[in-house]
2 protein chains.
Amino acid sequence: MTQTTHTVLLVDDHPLLRKGVRQLLDLEIDIKVIGEAANGKDAVVLAKELTPDLILLDLSMKGMDGIETLVTLREANVKSRVVVFSVSDDSNDVVTALKSGADGYLLKDTEPEELIESIRRACDGKMVISDELNEVLALSFREQQKSLGPDLNSLTRRELQIIKYIAEGLSNKLIGRKLDIAESTVKVHVKNLLKKLNLRSRVEAAIWMVEQKK
Amino acid sequence: MTQTTHTVLLVDDHPLLRKGVRQLLDLEIDIKVIGEAANGKDAVVLAKELTPDLILLDLSMKGMDGIETLVTLREANVKSRVVVFSVSDDSNDVVTALKSGADGYLLKDTEPEELIESIRRACDGKMVISDELNEVLALSFREQQKSLGPDLNSLTRRELQIIKYIAEGLSNKLIGRKLDIAESTVKVHVKNLLKKLNLRSRVEAAIWMVEQKK
DNA sequence: ACCGAACTACTACTTTGGGAGTAGTTTACG
DNA sequence: CGTAAACTACTCCCAAAGTAGTAGTTCGGT
């Protein structure tokens, strides 16, 4: 069997964790960490530049978060396999990541040996999911069945940002300031988002949103 | 000045992170990692056995979580200083940790140099808090004020009926019809109820209500 | 090169929401 | 009996929300 080298790009805003992972992976002759990024923007740039076999992507980053980064990477036609590496075993995070095109989802408390094995398998084109998440995933499929109506995923990024602010009680004006766009533009998004979700007012949107996330 | 050695116990269920931190701290001559624990139970045992100067404690662990561990340590009369080391900048986590007797709260995305400095200062008896948390902390004090404020019980029967309808997304006009009173009257009640609850709009009222009942 | 989706921003208009004030009625309580 | 709280309803006024239509930009995909 030919021993190919797997190239890896680490994306995580925790310097210490990057250090730990890098140290671990450097011990493996067939795995090479060719880059590190501390945020989504850098990650996208580096990914295009280095075309790593695999991107190990943290979910919780400030600025552009993991999911946004993932989506951006996919939109930029980055061919690297992307494995999310997160502390969260929340089904929403897992499902969102996979829906957004992640090739795997590993928990940060994974044992080192298992992490290494998973990276190899991911580079070979397999999908890798931490064992602990099987139950979580199974349950989330059942959830999907009952929520047939339109949901958050039918919203665009902007609309999603805006409905979140609505669910915090912000006015259009304030939302505009937060997102640095005109109030009139916010109104357009609100109108569209209400129509998509079949709601009649921002109050209903706020309620819907709050109940959603519980 | 006498150069004392600071002894540290790492408590975190992520092997990789422990590895990263240990590697970092081992480079400092005045800091010595004398033990590692992957869970709360081990942490308590080791703390009693080793009496480290400082315990760097992760919040999110399976089994006994960070806060439980912290409380247990305090109950066991462990004199070591305890600094929470967490990814979470959620004000609840921060406040709970400090209330439970933590001597500091550092975010995991702290820069290595800053982490080392903070550890030294913590060992010197100072309280160390990540800069990013100042705002969070300040806000949480305001929250406290507001939670001392009135609740549902301070509302009259009418106001209670009306806020319930608001939390179902109804307009003043519709509420008026439901209760067979004029829209103008509904407005009066809404105005009064907003003032009592210290809210700024019906949207906030709806959110507050929905979160209340769950 | 063209198309469509998303995002932006405007004008113009209507409806809804919310503040402030006045005031009449009912009801419970000392 | 008097009074205070709750409920009712109005007016006036302005701010916020929401609808409709036009239109420019950017960006990814066919």
Side-chain angles (χ1 to χ4, degrees), chain A residues 40-41 44-45 47-48 64 67-79 100-101 150 152-209, chain B residues 150 152-209:
Chain A
K41 243 173 56 183
V44 175
V45 174
K48 284 203 248 193
M64 196 193 291
I67 294 295
E68 279 183 80
T69 307
L70 174 51
V71 170
T72 310
L73 285 169
R74 289 312 185 203
E75 280 168 353
N77 248 316
V78 169
K79 302 296 187 190
S100 305
L152 283 179
N153 303 58
S154 66
L155 299 183
T156 66
R157 272 190 296 292
R158 229 9 171 198
E159 288 161 355
L160 194 56
Q161 291 179 310
I162 287 176
I163 199 176
K164 280 180 182 166
Y165 282 125
I166 288 177
E168 287 171 15
L170 297 198
S171 67
N172 290 338
K173 189 174 295 187
L174 287 179
I175 295 173
R177 275 186 211 150
K178 286 258 185 192
L179 298 178
D180 204 37
I181 57 180
E183 182 187 355
S184 59
T185 306
V186 177
K187 284 187 173 188
V188 174
H189 289 308
V190 172
K191 186 183 62 174
N192 294 337
L193 128 207
L194 288 179
K195 178 163 260 175
K196 277 188 189 173
L197 299 177
N198 203 18
L199 300 171
R200 273 147 242 84
S201 71
R202 69 198 296 100
V203 181
E204 288 192 6
I207 297 165
W208 184 82
M209 200 60 191
Chain B
L152 278 183
N153 305 357
S154 69
L155 299 183
T156 67
R157 275 180 296 291
R158 233 2 174 201
E159 288 163 354
L160 194 56
Q161 291 178 310
I162 287 175
I163 200 179
K164 279 180 182 168
Y165 282 125
I166 288 177
E168 287 171 15
L170 297 198
S171 68
N172 290 339
K173 188 175 293 187
L174 287 179
I175 295 174
R177 278 186 207 150
K178 286 258 186 193
L179 298 178
D180 204 36
I181 56 179
E183 183 188 353
S184 60
T185 306
V186 177
K187 283 189 174 187
V188 174
H189 290 307
V190 171
K191 184 185 62 175
N192 294 336
L193 122 213
L194 288 179
K195 178 163 259 175
K196 279 187 188 174
L197 298 178
N198 200 18
L199 299 171
R200 277 150 236 76
S201 71
R202 68 199 295 103
V203 181
E204 286 192 6
I207 296 165
W208 185 82
M209 200 60 192

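We name chains A, B, ... by the order of the sequence lines, and we start the count at 1 in each one. What you see below is based on every heavy atom in this structure, not just the backbone, and it leaves out hydrogens, waters and symmetry mates.
A donor-acceptor pair under 3.5 Å links the side-chain atoms of B:Glu204 to the main chain of B:Arg200, judged by distance alone.
Within the nucleic acid shown, A:Ser171 comes within 4.0 Å of sugar-phosphate atoms alone, with no base atom in reach, counting heavy atoms only. Using a 4.0 Å heavy-atom distance criterion, A:Val190 is classed as a sugar-phosphate-only contact.
Looking at A:Lys191, its side chain has no donor and acceptor atom pair within 3.5 Å of the base of D:dG18.
One atom, CZ of A:Arg157, and another, P of C:dT8, lie 10 Å apart when rounded to the nearest Å. For the pair B:Arg158 CZ and D:dA5 P, the interatomic distance rounds to 20 Å; values are reported in whole Å.
Between B:Thr156 and D:dC7 there is a side-chain polar atom (N or O) within less than 4.0 angstrom of OP1 or OP2. Between B:Asn172 and C:dG17 there is a side-chain N or O to OP1 or OP2 distance below 4.0 Å. In this structure, B:His189 does not reach the C:dG18 phosphate: none of its side-chain N or O atoms is under 4.0 Å from OP1 or OP2. Checking the phosphate oxygens (OP1, OP2) of C:dA9, a side-chain nitrogen or oxygen of A:Thr185 falls inside 4.0 Å. Listed pair A:Ser184 / C:dT8 fails the phosphate criterion, with no side-chain N or O lying under 4.0 Å from OP1 or OP2.
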From CA spacing to verdict: side chain to side chain contact (heavy atoms under 4.5 Å, CB included), B:Val190, B:Ile175: CA-CA 11 Å; B:Val190 171; B:Ile175 295 174; 5.6 Å; no
